[in-house]
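As the structure is a prediction and not an experimental result, all values here were calculated from the model. Remember, it's 1-based here, ligands and their atoms both numbered in the order they're listed. Only this structure's heavy atoms are used, side chains among them; waters, hydrogens and symmetry mates stay out.
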Amino acid sequence: MNKTVALHTLGCKLNFSETSTMGRLLENDGFEKKNFDEVADVYVINTCSVTENADKECRMLVRRIQRKAPEAMVVITGCYAQLKPKEIAAIPGVDLVLGAAEKFNIALHLKEITKGDSARICSCDIEDVNEFTASHSINDRTRVFLKVQDGCDYNCSFCTIPLARGKSRSDSISNVVANVKQIAGQGIKEIVLTGINLGDFGKGYAGGRKNEESFFGLVKELDEVEGIERYRISSIEPNLLSNDIIEFVSNSRKFMPHFHIPLQSGSNKILGEMRRRYKKELYAERIGLIKTVMPHCCIGADVIVGFPGETDEDFMETFNFLHQLDISYLHVFTYSERTNTLAAGMKPVVPVHVRNERNKLLRNLSYRKMQQFTSQHIGETRKVLFEINSKNGMMEGYTDNYIKITIPYKPEWQNKIAEWKI
Ligand code: SF4
């Protein structure tokens, strides 16, 4: 009888695509996939370093596994496993900890361990990680998240991702195109291009060779691939979102009018402390150009509140900046100290209750922005891709410009693009 494996993802879309790839690798090795709440022989948790309580969450999941399947093998991988391998190995019930370079060798490592031995750590110094492993999620959702870039060479003062994922590196355009064709062959209509610093695509080393390609080059090539009807760009730094890319997307039928552009702060003082590579003026310019060439475009922004040294005035500068900016929604993060980052030692620290109040104010603003954006499009007919999943007799889909549509479940509409009056 086949051995069974259940996988669980904490964190971002990139982790989600990597978990899918680990699952496929294990299936190729003879494992049968199970849901995480079922009994399995092996459990894999792909962790995140950005999640506030990565440690707590990981412990809780391991405890749950132990109650359900005390004999099962427990593997922890992902960003948190790379950053804190020893802490994770010390969690009772953990058998194997896989760092950034080892997660795709999971099948091999599983053959070498025995339940009951003390946890094994397979990890190397993040400086030495320079391989790129393409990965994508498929069959799990209507759209596929395709990883085309990994790692980051920036050094934002609050961020642990470069420590967890290493140097910036990417796939080659020809490999991405081949993967996209293969995904299109499976009936998938929408691909979300993902990476840690996606706009940096083409820089760094891919499989040890210098790669001189660019994200704009990738976008142009992908636009020509037959079969895929929609692409989205998961998130792109404002300084890397060039006018060329914006103008190309405005004329493309396949790249959707939807950008997610991290801002983090609307105060140039705080942006400097964060070591971000742009000022608020550049951000506003980008939004201005997008809205000029694509007035219907949906634009999301990430913001961090409560960064050390953020005064009430600095926060209000961010609030007012976002308020007057023509964007559609915000992802608001409350700053929290991360070990081994420059920001963790910065003063003065913003009291937690103030951070939480600021978070609430921006969440309210985000809600109002989303309402306003949606109301601007009521009465229009736009193309909606309806999703495979249904819940309580209802199904969901998204317009080209990312407005969510919920309708009563119609099986014949699953994974179909339809004209829909909003
Ligand atoms: S750009 Fe900055 S925030 Fe984003 S992954 Fe790189 S270091 Fe972290």
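- For K254, the NZ atom sits in a packed shell: over 12 heavy atoms of surrounding residues, nucleotides or ligands are nearer than 6.0 Å.
- Residue-ligand proximity: R276 is placed with a non-hydrogen atom under 4.0 Å from ligand 1.
- Below the 2.8 Å limit, atom 6 (Fe) of ligand 1 has as protein N, O or S neighbours C152 SG.
- In this structure, F36 has its ring center under 6.0 Å from that of Y43.
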Notebook entry, point to check: Given the rule in the side-chain contact (heavy atoms from CB on, under 4.5 Å) test, do V303 and T318 qualify, once you have shown the distances and angles that lead to the verdict?
Noted result: CA-CA 9 Å; V303 202; T318 297; 3.9 Å; yes
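- In this pair, F248 and F216 present their aromatic rings perpendicular. The plane angle is above 60°, beyond the 30 to 60° band.
- With 3.5 Å as the limit, one finds no donor-acceptor pair spanning the side chains of N197 and S168.
- Residues H260 and Y329 bring their aromatic ring centres within 6.0 Å.
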